[in-house]
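Notes for the one structure printed next.
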Amino acid sequence: MDSLVLQTVIGLVFAFAAFSALVSVLTEAVARYIGLRGEYLLRGIRSLVDGKSDFALRLPDLVRRTSLEPVVKPGEPAQPMVTQIVEQPMVSRSANRGAAPANAGNAKLSVKDRRSLPSYVSGRSFARALIGVLVPDSTGATTLDEVRTKINALEPTNPLKQPLLGLLAEAGTDLTKLRAGIEEWYDDHMARVSGWYKRHVRWISLALASIVVVIFNVNVVELTRSLYTDEALRGAVVAQATVNSNCSGSPAECLDDLRQQIRDVRASGLPVGWGVTATCTLPDASCNWFERHGLAGVSDILLTLVGWLLMALATLPGARFWFDALSRLGSLRSSGPKPRAS
């Protein structure tokens with residue numbers, strides 16, 4: 001099927017994929033700069049080993065330039081379990097420069113210190129680090145009986161005690177099974193933390209998408225109108241979309257592949273950017289800024305705002321979603337019309 005509507009949809013999906021790739025690259029750059037992955041890793045470990053943790057990150061904390069000293073609340077240890085785990089060699093070696101910042105997990109860190117945090121800790125490393133904190137043994141000859149004694153000695157209110165007692169019961173007399181149980185417990189928890197991280201990053205993506213669509217004036221309403229009414233533009237965009245529909249790399253790699261194609265379709269008349277309306281290019285034209293950019297009336301401004309909003313929201317599913325959709329639409333287009341019934 002090669003209908004006008006299908007070609008228009010392919011053109012729109014191509015635009016969604018391209019700008020979603022750009023927003024994904026920008027989001028990852030911002031997340032790395034502020035050390036968001038490391039921060040969520042710390043909060044995830046803290047909620048697992050020290051009890052309930054607040055995952056609300058306020059803007060002043062995200063851009064903090066100096067780390068604060070720990071604030072110890074009544075009834076809490078001066079050094080929580082998360083800090084001790086991060087300082088274990090199995091974990092700290094994953095940090096930038098091979099050492100975690102001071103008070104990691106126990107104080108609000110600066111952007112610089114957050115960037116030095118490990119962004120990933122495997123279940124195996126966590127299990128060994130946790131047992132190393134419970135039973136410090138430089139010889140590496142820790143026994144299950146020593147671990148059981150330490151766990152039984154934990155305070156009843158300690159959030160670690162009940163989960164570890166359950167894992168001990170499952171392990172029986174095998175320390176390796178206990179480590180495997182701790183690994184699985186940790187991995188299950190980190191899967192939830194990953195969901196919390198993605199929800200937080202989605203807000204960053206939406207903010208960046210809003211900035212990008214305004215800077216580049218990417219208006220879904222105008223894109224749809226141009227693709228639907230301009231046959232030459234529609235053909236150029238669909239041709240480029242077909243070429244790039246099978247991008248299987250990262251958003252950054254897909255974006256690199258798309259740069260020249262985007263320039264080509266823009267040259268064909270794709271309405272992206274702050275162009276000047278034809279009437280305002282005449283020698284005797286007298287136009288203000290809004291009139292020069294097609295925002296002369298209230299309805300024009302409202303349609304532009306709606307178009308910007310739709311474009312920003314379209315980036316939320318991510319570049320991979322739109323490239324997959326583009327590939328399926330390309331297959332549908334190339335399959336041709338259904339044969340008529342005889």
Side-chain angles (χ1 to χ4, degrees), residues 1-26 205-245 247 251 254-255 257-281 289-330 332-333:
M1 184 174 67
D2 196 14
S3 68
L4 171 63
V5 173
L6 179 59
Q7 290 184 59
T8 302
V9 171
I10 290 175
L12 284 175
V13 172
F14 176 68
F16 294 160
F19 279 91
S20 294
L22 174 60
V23 170
S24 295
V25 171
L26 293 175
S205 295
L206 184 59
L208 291 173
S210 301
I211 294 171
V212 167
V213 298
V214 173
I215 290 176
F216 290 98
N217 188 25
V218 190
N219 182 342
V220 170
V221 175
E222 190 59 34
L223 279 174
T224 305
R225 180 186 297 138
S226 298
L227 288 168
Y228 191 80
T229 58
D230 190 330
E231 183 178 358
L233 171 63
R234 188 170 61 250
V237 173
V238 170
Q240 297 298 341
T242 302
V243 171
N244 293 278
S245 62
C247 184
C254 293
L255 185 61
D257 294 339
L258 284 170
R259 283 175 179 169
Q260 185 56 49
Q261 284 76 9
I262 293 173
R263 295 191 191 101
D264 292 342
V265 294
R266 280 197 65 191
S268 302
L270 190 70
V272 175
W274 291 95
V276 179
T277 58
T279 55
C280 290
T281 59
W289 187 91
F290 289 95
E291 292 169 340
R292 285 173 60 83
H293 299 294
L295 302 173
V298 175
S299 60
D300 296 325
I301 295 174
L302 290 176
L303 278 177
T304 299
L305 291 176
V306 170
W308 287 347
L309 176 62
L310 291 175
M311 190 67 206
L313 293 175
T315 63
L316 291 181
R320 175 55 45 219
F321 172 85
W322 291 117
F323 277 112
D324 289 344
L326 193 61
S327 179
R328 289 193 294 270
L329 287 170
L332 178 63
R333 176 173 176 267

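Keep in mind that the numbers below use all heavy atoms, side chains included, and drop hydrogens, waters and symmetry copies.
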Could you grab the distance from atom [atom1] of [X] to atom [atom2] of [Y], nearest 0.5 Å is fine?
{"X": "L295", "Y": "N217", "atom1": "CG", "atom2": "CG", "value": "7.5 Å"}
{"X": "F16", "Y": "L326", "atom1": "CZ", "atom2": "CG", "value": "11.5 Å"}
{"X": "F14", "Y": "I10", "atom1": "CZ", "atom2": "CD1", "value": "11.5 Å"}
{"X": "L309", "Y": "L305", "atom1": "CG", "atom2": "CG", "value": "8.5 Å"}

Check: [X] side chain, [Y] main-chain N or O, donor-acceptor pair, under 3.5 Å:
{"X": "T224", "Y": "V220", "answer": "yes"}
{"X": "W322", "Y": "F19", "answer": "no"}
{"X": "H293", "Y": "T277", "answer": "no"}

Does the side chain of W289 come within less than 4.5 Å of W274's, by heavy atoms?
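The answer is yes, as the side chains (C-beta and beyond) meet within the 4.5 Å cut-off.
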Could you tell me if the side chain of L313 sits less than 4.5 Å from the side chain of L206, heavy atoms only?
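Yes - at least one pair of side-chain heavy atoms lies under 4.5 Å apart.
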Looking at [X] and [Y], what are the two nearest heavy atoms and their distance?
{"X": "A319", "Y": "A17", "value": "CB-O, 4.1 Å"}
{"X": "V237", "Y": "L227", "value": "CG2-CD2, 3.9 Å"}
{"X": "A15", "Y": "M311", "value": "O-CE, 3.7 Å"}
{"X": "T315", "Y": "A209", "value": "OG1-CB, 3.2 Å"}
{"X": "S3", "Y": "L6", "value": "OG-N, 3.2 Å"}
{"X": "P271", "Y": "L233", "value": "CD-CD2, 4.2 Å"}

Test of understanding: with side chain to side chain contact (heavy atoms under 4.5 Å, CB included), list the residues that count as partners of R234, not counting sequence neighbours.
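For R234 the side chain to side chain contact (heavy atoms under 4.5 Å, CB included) partners, ignoring immediate neighbours, are L4, Q7, T8, E231, V238.
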